[in-house]
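Within every chain, numbering begins at 1; the chains are lettered A, B, ... in the order of the sequence lines, protein sequences first and strands thereafter.
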Amino acid sequence: MGCEQWRGKLDSYVDGELDSAEARVLGEHMRVCPACAADALERVQMKRALQMAGERYAASTELRNRVAMSLSARSLAPKPRRHFSYWQILAAPALVLLIISLATNFYMGRENARRQRIYSELADLHVAALASPTPVDVVSTDRHTVKPWFQGKIPFSFNLPELQGSEFTLLGGRVTYFEQTPGAHLIYQIRKHEISVFIFQDRAFGGRGEETASLPAGAARTLSFNVENWTQNGLRYFVVGDANADDIQALSKLLRDAG
Amino acid sequence: MKVPNEHESAATFEELAMPLFDQLYNFARWLTQDTAEAEDLVQETYTKALRGFSSFQAGTNFRAWMYRILRNSFLSSRTGLKTMVAIDGETDEQLLPAENATPESILIAQADRGLVQQALAELPVPAREILLLCEVEEMSYQEIAETLAIPIGTVMSRLFRARKALRDLLRDQSEGGRDGV
């Protein structure tokens, strides 16, 4: 195929719309044809310039809230009636209550989503650590080795439980980051199951008072992992693993008693 | 199959539709060239989409469907009416190869962001919207075809003409700028 035929296909090429066989042939052609290559380059640059230019306007938070509210209001509000009646007048206080509960629902829904996001990010950290060739940076079963290792690496200190008499083994620890905040990531083992314990400063999760409401302590299950979380001495603990819920609880209790 | 009740379908609608909020607003703002109108348009789009959600076919492209509603609402609005003629009067023309790249046209492609924005705003709506869908929303030809309810061949020819129109505008701007110095 000559340059003329290819010219008509350059747009499809840079838009990623040519089939792979054709794209490969055109790619080879451009390696030996500076004119077509320059032409394609210009189109790519044009695309990039437009992409930057076109991302320009951000909606106000107010509009976003208004739209989101109208969606949840519509899904629960009674269907509009054709005639006004006493019922509607009587229903006004109920409507106020309904709106308040909608707003609460909406808020809770967002908090739920936030909690799910935190849990799945922690589950990611847990899996990523286990999948890495060096799951822990300090390899030791001795809490008196692991704890001091974190000194100067994270801006807080914590206590680890004595494991004698329990089925848990400490495998080691590593420094981890969650939302740009450093924290300790400890890995324990029980019957071939690895369990991650994450410890962060509680204020990293968005503040003090309202924070506790947005991320209530307690057990949960996400992506087939069991999760437990609580706050203690200004630290936020998360225990994540595929071990059964009882094991997660048992380890959480050991940590709580030690902290 | 279980038919979702009204509450459930609204929850799903919200989950599908709210992530598109920012991009829909940006698209609306570019179409209308006005903040208040864009806000009304986005609100209208969500209201209509929620109402028509039961007719949305699961498995088809939800994003394209939302954009289509937004665009149709825009076209039937006061501002949009004026642009209808241009779109309806279009004929599919043969795709012509663009003129060769010259160092000058490469300079245009690197033109500063403000100039590109200005040129984009000046383009007629059919050209502006297809460039936004393709470059900013990074839609495939197939998605654009669904959004604009036109065949893929028309997507390609309209995109080709839109790019040429933009290039011409930018070239005029840069030449105008040079004359001014």
Side-chain angles (χ1 to χ4, degrees), chain A residues 2-12 14-18 33-79 102 105-106 109-110 112-113, chain B residues 6-11 13-14 17-18 21-30 35 38-39 42-43 45-47 50-51 95-98 100-103 105-106 108-120 131-132 134-138 140-142 156 159-160 163 166-167 170:
Chain A
C3 286
E4 281 313 306
Q5 282 114 313
W6 282 124
R7 282 283 147 80
K9 299 201 179 230
L10 281 177
D11 270 339
S12 303
V14 298
D15 288 337
E17 295 276 348
L18 278 193
C33 174
C36 282
D39 200 338
L41 176 68
E42 186 232 326
R43 285 164 211 248
V44 171
Q45 285 176 318
M46 191 66 136
K47 274 178 82 72
R48 207 169 293 154
L50 258 174
Q51 198 176 15
M52 305 232 311
E55 280 173 5
R56 181 182 190 182
Y57 301 105
S60 64
T61 325
E62 199 257 318
L63 176 67
R64 174 188 276 276
N65 293 343
R66 206 161 70 215
V67 169
M69 281 302 283
S70 77
L71 293 189
S72 42
R74 200 169 270 273
S75 68
L76 288 181
K79 298 236 173 196
L102 283 177
N105 268 347
F106 173 67
R110 285 191 15 178
N112 240 332
Chain B
E6 203 186 341
H7 186 152
E8 274 174 343
S9 75
F13 174 77
E14 205 174 327
M18 282 318 283
F21 181 80
D22 288 322
Q23 50 196 91
L24 282 169
Y25 176 79
N26 185 51
F27 187 58
R29 180 63 181 74
W30 273 107
T35 307
E39 294 195 343
V42 168
Q43 184 126 39
T45 303
Y46 274 87
T47 309
L50 177 63
R51 213 183 296 139
L95 283 186
L96 298 170
N100 287 352
T102 62
S105 61
I106 290 175
I108 292 172
Q110 293 169 330
D112 96 39
R113 190 172 167 183
L115 285 180
V116 181
Q117 282 168 343
Q118 193 189 324
L120 189 57
L131 286 174
L132 288 166
C134 180
E135 315 293 22
V136 182
E137 304 310 334
E138 298 184 329
S140 66
Y141 289 179
Q142 177 60 41
M156 291 165 73
L159 198 50
F160 171 78
R163 282 172 168 156
L166 183 77
R167 215 177 285 129
L170 285 170

Query raised in the report: So what's closer than 4.5 Å to chain A heavy atoms on B/Leu159: side chain, backbone, both or neither?
Result: side chain
Query - Residue pair A/Gln51 / B/Glu138, side-chain heavy-atom distance below 4.5 Å - result: yes
Query - Non-hydrogen side-chain atoms of A/Arg66 and B/Glu39 separated by less than 4.5 Å - result: yes
Query raised in the report: Any side-chain heavy atom of A/Glu42 within less than 4.5 Å of one from B/Arg167?
Result: yes
Query - Value rounded to 0.5 Å, distance of CD in A/Glu55 from CG in B/Asn26 - result: 7.0 Å
Query raised in the report: Does the side chain of A/Leu50 come within less than 4.5 Å of B/Val136's, by heavy atoms?
Result: no
Requested in this report: Decide if atom CZ of A/Arg56 counts as having more than 12 heavy atoms of other residues, nucleotides or ligands within a radius under 6.0 Å.
Outcome: yes
Query raised in the report: Under a 4.5 Å heavy-atom cut-off, does chain B meet the side chain of A/Ala68, its backbone, both or neither?
Result: both
Query raised in the report: When you measure from the side chain of B/Gln117 to the backbone N and O of A/Ala53, does any donor-acceptor pair fall under 3.5 Å?
Result: yes
Report task. Starting at CG of A/Leu71, measure out to CD of B/Glu14 and round the result to the nearest 0.5 Å. Result -> 5.0 Å
Query raised in the report: Can you name the salt bridge (charged side-chain N to carboxylate O under 4.0 Å, His left out) partners of A/Arg64, sequence neighbours left out?
Result: B/Asp22
Query raised in the report: Have A/Glu17 and B/Gln142 got a donor and an acceptor in their side chains that come within less than 3.5 Å?
Result: no
Report summary line: Output for pair (A/Tyr57 OH, B/Trp30 CH2), nearest 0.5 Å, gives 4.5 Å
Query raised in the report: Closest approach of A/Ala59 and B/Phe21, non-hydrogen atoms and distance?
Result: CB-CE2, 3.5 Å
Query raised in the report: Do the non-hydrogen side-chain atoms of A/Leu63 and B/Gln43 ever get within less than 4.5 Å of each other?
Result: yes
**Report entry** A/Met46 vs B/Leu170 side-chain heavy atoms within contact, under 4.5 Å
**Finding:** yes
Requested in this report: Enter the distance from A/Ser12:OG to B/Tyr141:OH here, rounded to the nearest 0.5 Å.
Outcome: 4.0 Å
